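What you see is a predicted model; the values in this text were computed from it and never measured. Residue numbers start from 1 in every chain, and the chains themselves are labelled A, B, ... in the order their sequence lines are given, proteins ahead of strands.
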Number of protein chains: 4
Amino acid sequence: MRKKSSAAIIGASGYAGEELVRLLLSHPDVDLVAATSRQFVGQTLAQVFPRFLHHERAKALKFVDVDPKQLVSAAESIFLALPHGVSAEVAKPLVDLGASVIDLSADFRIKDAAVYTEFYGKDHSAPELLKTAVYGLPEIYREKIKTAQVVACPGCYPTSILIPLLPLVRAKIVDLARIVVTSLSGVTGAGRKVEPDYLFAECNESIRPYGVPKHRHLSEIEQELSILADEKVVIQFTPHLVPVNRGIITTIYTDLGKDVVDLDPGLLFSGACGQEPFVRLLGDERLPDTKNVVGTNFIDIAWKIDKRTGRLIVMSAIDNIVKGASGQAIQCFNLMRGFPETAGLI
Amino acid sequence: MRKKSSAAIIGASGYAGEELVRLLLSHPDVDLVAATSRQFVGQTLAQVFPRFLHHERAKALKFVDVDPKQLVSAAESIFLALPHGVSAEVAKPLVDLGASVIDLSADFRIKDAAVYTEFYGKDHSAPELLKTAVYGLPEIYREKIKTAQVVACPGCYPTSILIPLLPLVRAKIVDLARIVVTSLSGVTGAGRKVEPDYLFAECNESIRPYGVPKHRHLSEIEQELSILADEKVVIQFTPHLVPVNRGIITTIYTDLGKDVVDLDPGLLFSGACGQEPFVRLLGDERLPDTKNVVGTNFIDIAWKIDKRTGRLIVMSAIDNIVKGASGQAIQCFNLMRGFPETAGLI
Amino acid sequence: MRKKSSAAIIGASGYAGEELVRLLLSHPDVDLVAATSRQFVGQTLAQVFPRFLHHERAKALKFVDVDPKQLVSAAESIFLALPHGVSAEVAKPLVDLGASVIDLSADFRIKDAAVYTEFYGKDHSAPELLKTAVYGLPEIYREKIKTAQVVACPGCYPTSILIPLLPLVRAKIVDLARIVVTSLSGVTGAGRKVEPDYLFAECNESIRPYGVPKHRHLSEIEQELSILADEKVVIQFTPHLVPVNRGIITTIYTDLGKDVVDLDPGLLFSGACGQEPFVRLLGDERLPDTKNVVGTNFIDIAWKIDKRTGRLIVMSAIDNIVKGASGQAIQCFNLMRGFPETAGLI
Amino acid sequence: MRKKSSAAIIGASGYAGEELVRLLLSHPDVDLVAATSRQFVGQTLAQVFPRFLHHERAKALKFVDVDPKQLVSAAESIFLALPHGVSAEVAKPLVDLGASVIDLSADFRIKDAAVYTEFYGKDHSAPELLKTAVYGLPEIYREKIKTAQVVACPGCYPTSILIPLLPLVRAKIVDLARIVVTSLSGVTGAGRKVEPDYLFAECNESIRPYGVPKHRHLSEIEQELSILADEKVVIQFTPHLVPVNRGIITTIYTDLGKDVVDLDPGLLFSGACGQEPFVRLLGDERLPDTKNVVGTNFIDIAWKIDKRTGRLIVMSAIDNIVKGASGQAIQCFNLMRGFPETAGLI
């Protein structure tokens, strides 16, 4: 058996944090040594999350307050599952102490502090870290992640959008000025926010668009698409809230140039991500369904060419909390620690 | 009190049929005199639908088989809530007998029998009726509906798409070649189909696109948009199934020409449908939510201009069974019979 | 047309308050003249509840603060939809000013202030009103309600339990010491409480008992059963939370004495409530389903005799917000004002 | 690594069958060598269940027809996930060929063929097997299961009822004549039945009792309770259907004799099942919630003494498809094969 690696979670009481607890407790190579939550200090993980009541470590480990020195000395890797803004502040001393940090917030995803300010409405508290932080999408940045000190895990929507668009934008097969994206997300996507909008009776039997037209995730989506295309890419993106706990369906409309009517998307996708351990290509016969990915780290991708309109429609399904957050964080962690990329995830 | 008008429903056991029963039983100007359902012949409406157990008429009226002569002699208006294909066959003798027919299927929506065959996979059995049938969207065809013998009620998706697009396409303010539409629908949209795909555990906690890229409703949507624009319009349309009983959210992406950046959509929408009794304009501050329209005949419309992309995004919400089917059918019936358009609907 | 009666709602922003708004806006005999909500003062009803956006009164009427004199001078009847404890405090000056009060909280349901203190954990602030307040269950107290100044509308669980038990307890056909009641309620039963337990992702895909073994509603249930039986009745009651917006199913287990094995419950129920306008007797063939009563003021009642165990099982279904709260309040209001009991409710 | 054991599933396309596939594919000691389904012969597991699309075995293994000789020669253990009635017919030749059979239907649960006929409405086709089949509840029959040739896995409701009642009935602490049980189940409990009652829009926003008063599972519940008590036990049991995919909450009302008011249920439960690997005792402070057990093989048990009524209320939560069916089947399989009881389940 490989030697276990120690890990800590800061902000372990939200949905992404709870999922990190679940995944790390069952990860064969991990020793979960600490978890913080201001709200639950002194209670065990099992008390706060009764689903872990059978787990010895969950029954023993108590939530603590954030003490950077103690955390860094106890844990080789530190996961941050905190609200944006807070995360950068908490990360700074950890990084200074040499910690290996995997951040699930938006705070280290944006390269340009001005863009961060534009989209998140406040100045970045540790802009110097933006240069070295690596965007934690293994399907693009696998090698960089392996040696990063700070990994910024992508948002859930960006994950569901960037992986399918990767081969199309890199090859510039589609009209970069005309990408339109619609996403549908389950309610945990909003986090464990105790607000009227997320009460059961407000979400159940409700469907609604939100964040129109300039959702915050656009900042990282366009940043990454622009890097892939090596030119500025601006897209249209509309998220919708639907009454499921977990899951995102993303439907992407791309315009094919007339020259590429003979395009075989299957070849393109196979070439780009046919070997990816967490990408499942459904081809042009099946359509994705969130129920096939919920609870897993997979992204399912399907496509259809519409000859009537000259568009290629690409659709993806992920679990917003796993591949869209905590699972992807573990995937990055595995890369950083030299474990098999799928360890603890399949 | 106005004299009541007699009405019958053929195919009253599906979701649209049941909703017609509900609306007609409580319509102040209607006397529901007959309902047919092969499956339930001999049972009363109240036995089949226990929600009507308190209603005297529902306790007395028994489902019968279709007998055209009897139906036509008993009822001034006949609603058809049958599957496409079946509906045209049943309608033909009724029309020949002089009946006033309000059809909820797709059978009389398409002007061109060849297009019907292309999208519905079979030849039309009464193509001669296609010329005189009126498309039952009061927001466009109010006057024609008043004098029609056969009204073809629009599909649920087309209703949610055509009303918001009406002013934009008529005024040709948007690029007609680049309209992209995403819709999200509740499960009753599929009808009361006893198929594995619509079982509770297959739909609950599931989100999925379907009918990509050429859903049948495209035939009537493009027909009507082309009439409005007086040129051929082809659009992109992707429906998604989400786990609610009722409700459709439609999100429409339109490209504004550069000349119209100063467009005030509010003026445009107010002018086009500000006086419509069932259109509620939310403006550019609020976003639609199906829970505000479920159970009603309203369509809520909102919009946002995205200056970053030059697009105008228009969103609508309807109840697929009411404004998208049975409510709109009653609205047409009211027009045909000379009742107030909102009778029995508000 | 009858002359309209003026009404006001205090605490109109919770689920029961919103439902009162809906019902009163469409009540043919009511003029809704005022609505209060600390949170939304200055906003119109239509702004806070977009489902009423088409309604002229809802667009005109703004939420105000509670001003007893103004309310009493403006409205003949005042509905209180406030948390328990708060309600008695607000009601006191209104009653002193001579207002006709229909209270939806628990504050005036309990005759004995000591029992109130035991179950609600605080002393009653207006115990002198407990003597004159009438328990607003028309199926028991119809005549008293007609002349009451203060009506205390029953809780949702008590409504679903007391009506079915009424004939059994009054006739002492069942063993009064052995009544066991299980109820299942939708999430609006908890009110619009912004607490983690009621977030979508905490309730969806969750079933759970709560309030075991001494739920507050026991105080009024046992009080009323004891009055009916003219002896002290203690029952077992366990509520469960299930992921629907609205609806309560109550299943009641009663022990029949050996002498009554020939009991015909149908005769008993028909005799007791066969003429009640909102009671629908399903008999011993059908079972209740909340979806048949949601949105209505009906209570559906079914029963089965189990010869194996000597028990009579009685089951009921109501909408917790309508017959369990706001609809029943309107039913009482109709009785108090001399309107037909079903006005605005069917 | 231990040597893998070969297993086959007959009837792998229902919900229990699909869950067996999931659990066996990831079981460290199992080689899934065959799966049958009349409906899907020739398709791979991955084609039928896209959630397994990444799994090599699921991509390779095709559904076949039932060929007893071939199955018995290929697989050391055979799981049957068939409808009752069918299962006994299919099992007979397998048993004659010496196969080790784990049956998930009701066919081998009842010792007395006459009781089977009474509750299941048909004669048993292999009554001679009833004597040797072992009821697959490890918490009672662990030792017998280890050496059984045919294990009859308990129904989902019986599992949720028998484990909590085990210590109470064995010790005869409660009045055996007065046990009342209410259960609430998710919709997969009905199996993948393509019937109108289980369509999404019929179950969603619906709560309903069913199977009142004599649900089939009573036969095995009372059989096992009678064995435990060594006297005939008759109970009251009412199941309810609620709109979740998975999960059962069972609430049990028991009458304590007056002598046992000082009972400490905690001691009793700890003694009886404190060491059980899949029983989690919540005590008298917490209440169960299905969301803590869904996807797992755990049963959570809580209790409350109600001094007002002299009753002990015991509540349990399980996943009906895991501990209530396929997980428990694997637990039995582990015992039969000598693997750790929790292998592949935690």
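If you measure heavy-atom distances from C/Arg178 to chain D, the contacts under 4.5 Å come from both the backbone and the side chain. With a 4.5 angstrom heavy-atom cutoff, C/Val212 touches chain D via backbone and side-chain atoms both. Contacts of C/Val181 with chain D are made by backbone atoms alone, with heavy-atom separations under 4.5 Å and no side-chain atom involved. Of the two parts of C/Leu287, only the side chain, counted from C-beta on, holds a non-hydrogen atom closer than 4.5 Å to a non-hydrogen atom of chain D. Proximity to chain D (any heavy atom under 4.5 Å) is restricted, for C/Asp255, to the side chain, taken from C-beta onward. Contact of C/Leu241 with chain D is not made at all, since no heavy-atom distance falls under 4.5 Å. Contact annotation for C/Ala177: only backbone heavy atoms (N, CA, C, O) come within less than 4.5 Å of a heavy atom of chain D.
At distances below 3.5 Å, at least one donor-acceptor pair connects side-chain atoms of C/Thr290 with backbone N or O atoms of D/Ile207. Under a 3.5 Å cut-off, the side chain of D/Glu205 and the backbone N or O of C/Asn245 do form a donor-acceptor pair.
Per-residue counts of heavy-atom pairs under 4.5 Å with chain C were compared for D/Gly247, D/Gly186, D/Pro288, D/Ala317; the largest is that of D/Pro288. The greatest number of non-hydrogen atom pairs below 4.5 Å with chain C, out of D/Val180, D/Val234, D/Leu218, D/Asn204, is found for D/Val180. Considering only heavy-atom pairs separated by less than 4.5 Å from chain D, the leading option among C/Ile248, C/Val242, C/Val294 is C/Val242. If you tally non-hydrogen atom pairs under 4.5 Å between each of C/Met315, C/Arg246, C/Gln236, C/Arg208 and chain D, the highest count goes to C/Gln236.
For C/Glu202 and D/Lys291, the salt-bridge test passes: some basic side-chain N is under 4.0 Å from an acidic carboxylate O.
Atom-to-atom distance recorded for C/Thr238:OG1 and D/Ile252:CD1 is 11.5 Å, nearest 0.5 angstrom. Taking OG1 of D/Thr251 as the reference point, atom NE2 of C/His240 lies at 2.5 Å (rounded to 0.5 Å). Here the CG atom belonging to C/Asp197 is positioned 9.0 Å from the CG atom belonging to D/Asp289, to the nearest 0.5 angstrom.
Checked options C/Thr250, C/Ile313, C/Ile249; the residue passing with D/Pro209 is C/Ile249 (criterion: side chain to side chain contact (heavy atoms under 4.5 Å, CB included)).
Taking all atoms of both residues into account, the shortest heavy-atom contact from D/Val244 to C/Pro243 is CG1-CG, 3.4 Å. Minimum heavy-atom separation, D/Arg308 to C/Ile235: NH1-O, 3.9 Å. Nearest heavy atoms, D/Pro213 versus C/Lys304: CD-CD, 4.3 Å.
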